[in-house]
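Note that these values count all heavy atoms, side chains included, but never hydrogens, waters or copies made by symmetry.
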Amino acid sequence: MSEQMPGTAMTNSEREQYLQATQQKAADAAKAEEIKDSDFRAILRDGRKLLRMSEKEFADELRVSHPRLNRWLHGKDLPHPVMRPGIAAWVAHKLSASAGDK
């Protein structure tokens, strides 16, 4: 998957490809025994942007505080490794549902 962040310069086709790649990365991570810190942060960051949610909205959906999510996104803190697959599965599910809405 490319490191390019989704943004306004992406065509609908490019955004759809990025969404599918991010959804697959999250789904694969959800099944993994261990998720690297950098991969987990990328899943959160890219998932939030592709879902077009604010950090506050994303935190509310995850049922964590906005400051906690902000620390996760910026690598200052991360959830316990046991919790990460469930969060990755949630991101994969939301991205899959988002792709199905189109």
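From Arg48, atom CZ reaches atom CG of Leu69 across 7.5 Å, with rounding to the nearest 0.5 Å. In this structure, CG in Asp46 is found 6.5 Å from CG in Leu50, a value given to the nearest 0.5 Å. Summarising the geometry, atom OG1 belonging to Thr22 is positioned 9.0 Å from atom CZ belonging to Arg45; distances are rounded to the nearest 0.5 Å. Rounding to the nearest 0.5 Å places CD of Gln20 at 16.0 Å from NZ of Lys25.
A donor-acceptor contact closer than 3.5 angstrom links the side chains of Gln24 and Asp28.
With contacts defined as side-chain heavy-atom distances shorter than 4.5 Å, the pair Thr11/Arg15 does not qualify. At a threshold of 4.5 Å between non-hydrogen side-chain atoms, the residues Glu61 and Lys94 count as touching. Proximity of Arg84 to Asp37: side-chain heavy atoms (C-beta onward) are separated by under 4.5 Å at one or more points. Annotation: side chain of Leu44 is in contact with side chain of Ile87 (closest heavy-atom distance under 4.5 Å). Inter-residue side-chain proximity for Val64 and Phe58 is flagged as unmet; no heavy-atom pair is nearer than 4.5 Å. Contact of the Pro81 side chain with the Phe40 side chain is not registered, since no non-hydrogen atoms from C-beta on lie closer than 4.5 Å. Under the 4.5 Å side-chain criterion, counting only non-hydrogen atoms from C-beta, Ser98 is in contact with Leu19.
Considering all non-hydrogen atoms of both residues, Leu73 and Arg41 come closest at O-CD, 3.8 Å. Closest heavy-atom contact between Val91 and Ala26: CG1-CB, 4.3 Å. The two atoms that bring Ala30 and Ala88 nearest to each other are N-CB, 4.0 Å, heavy atoms only. Closest non-hydrogen pair, Arg68 versus Asp77, comes out as NH1-OD2, 4.2 Å. Across every non-hydrogen atom of Ala92 and Ala27, the tightest pair is CB-N, 3.6 Å. Ala29 and Ile43 get closest at one heavy-atom pair: CB-CD1, 3.6 Å.
More than 12 non-hydrogen atoms from other residues, nucleotides or ligands lie less than 6.0 angstrom from NE2 of His66.
Not a single donor-acceptor pair under 3.5 Å links the side chain of Arg71 to the backbone N or O of Lys76. The backbone N or O of Ala89 sits nowhere less than 3.5 Å from a side-chain atom of His93 that would complete a donor-acceptor pair. Between the side chain of Glu57 and the main chain of Ser54, a donor-acceptor pair closer than 3.5 Å is present.
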